[in-house]
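Below: the structure, in structure tokens.
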Amino acid sequence: MSALLALLASSEDLAEWLLSSKARARARARALDDEERKKAIKTHALDQLFDGDCTAAAGQFLLRWYGHSSHPKRLLVLTPDRIVLAAPPKRVSVRQTERMVVVAEVPVSDARVEDPLIGLHPSDRLRVVFSDASWLTVVTDEERSEIHKYMMRLPRLGATEAQYVS
């Protein structure tokens, strides 16, 4: 009887060890994926706010955009012919963050939204690229925001550009 109990105990230890090794392997894989995602973000300069040129379209746009409101929350909306950006009023008080106002509308002929990591890694970052090749990075609240999902459904040009259809 004691031999049977010892065998059961050792098989329980073996099962626990196997399960913990699977959990460790999953954790290692997640850590590796996260490391690769961080490298990809750095490679595509998605860790930078904009291209650094304050005189280019992206830099000027950013200056105007933040001139409307110092509140960090912004709203980005894609329409078939425009990129619309909204922000809370200049002086934000309780509940005013819910009252966003349109601060900029950019025609798709002047800019496009892209996700350089689409299909490679889940990301919370998008890039707005202007016609002069300057760009700014937008960080979304979620990795798979509605804009990411919309862009994944579109026919793709090259590897990353969103195509807007009227």
| field | Criterion salt bridge (charged side-chain N to carboxylate O under 4.0 Å, His left out) on Lys38 and Asp34, from CA distance to verdict | value | CA-CA 6 Å; Lys38 286 178 183 177; Asp34 193 43; 3.6 Å; yes
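- Of the residues Val128, Leu46, Asp51, the one that meets the side-chain contact (heavy atoms from CB on, under 4.5 Å) test with Trp135 is Asp51.
- Partners of Phe130 under the ring-ring contact (aromatic ring centres under 6.0 Å, His included) rule, at least two apart in sequence or in another chain, are Phe61.
- Looking only at distances, a side-chain donor or acceptor of Thr137 sits under 3.5 Å from a matching main-chain atom of Gln48.
- Under the 4.5 Å side-chain heavy-atom criterion for ILVMFWY residues, no single connected hydrophobic cluster contains both Val129 and Leu78.
- Residues Ala57 and Ser134 share a closest heavy-atom pair of N-OG, 3.5 Å.
- Within the model, atoms CZ of Arg125 and CG of Asp47 stand 7.0 Å from one another, a figure rounded to the nearest 0.5 Å.
- Here the side chains of Val84 and Leu76 are not in contact, with every heavy-atom distance at 4.5 Å or above.
- The side-chain heavy atoms of Ile83 and Val113, taken from C-beta on, include a pair separated by under 4.5 Å.
- One N or O on the side chain of Gln60 and one on the backbone of Cys54 form a donor-acceptor pair closer than 3.5 Å.
- In this structure, the side chain of Arg127 does not engage the main chain of Glu114 through any donor-acceptor pair within 3.5 Å.
- The pair Arg37-Asp33 does not meet the salt-bridge criterion, since no charged nitrogen lies less than 4.0 angstrom from a carboxylate oxygen.
- When every heavy atom of Ala40 is checked against every heavy atom of Leu117, the shortest pair comes out as CB-CD2, 3.6 Å.
- Between Val108 and Arg82 the shortest side-chain heavy-atom distance does not fall below 4.5 Å.
- The backbone N or O of Val139 lies less than 3.5 Å from no partner atom in the side chain of Asp124, so there is not a single donor-acceptor pair.
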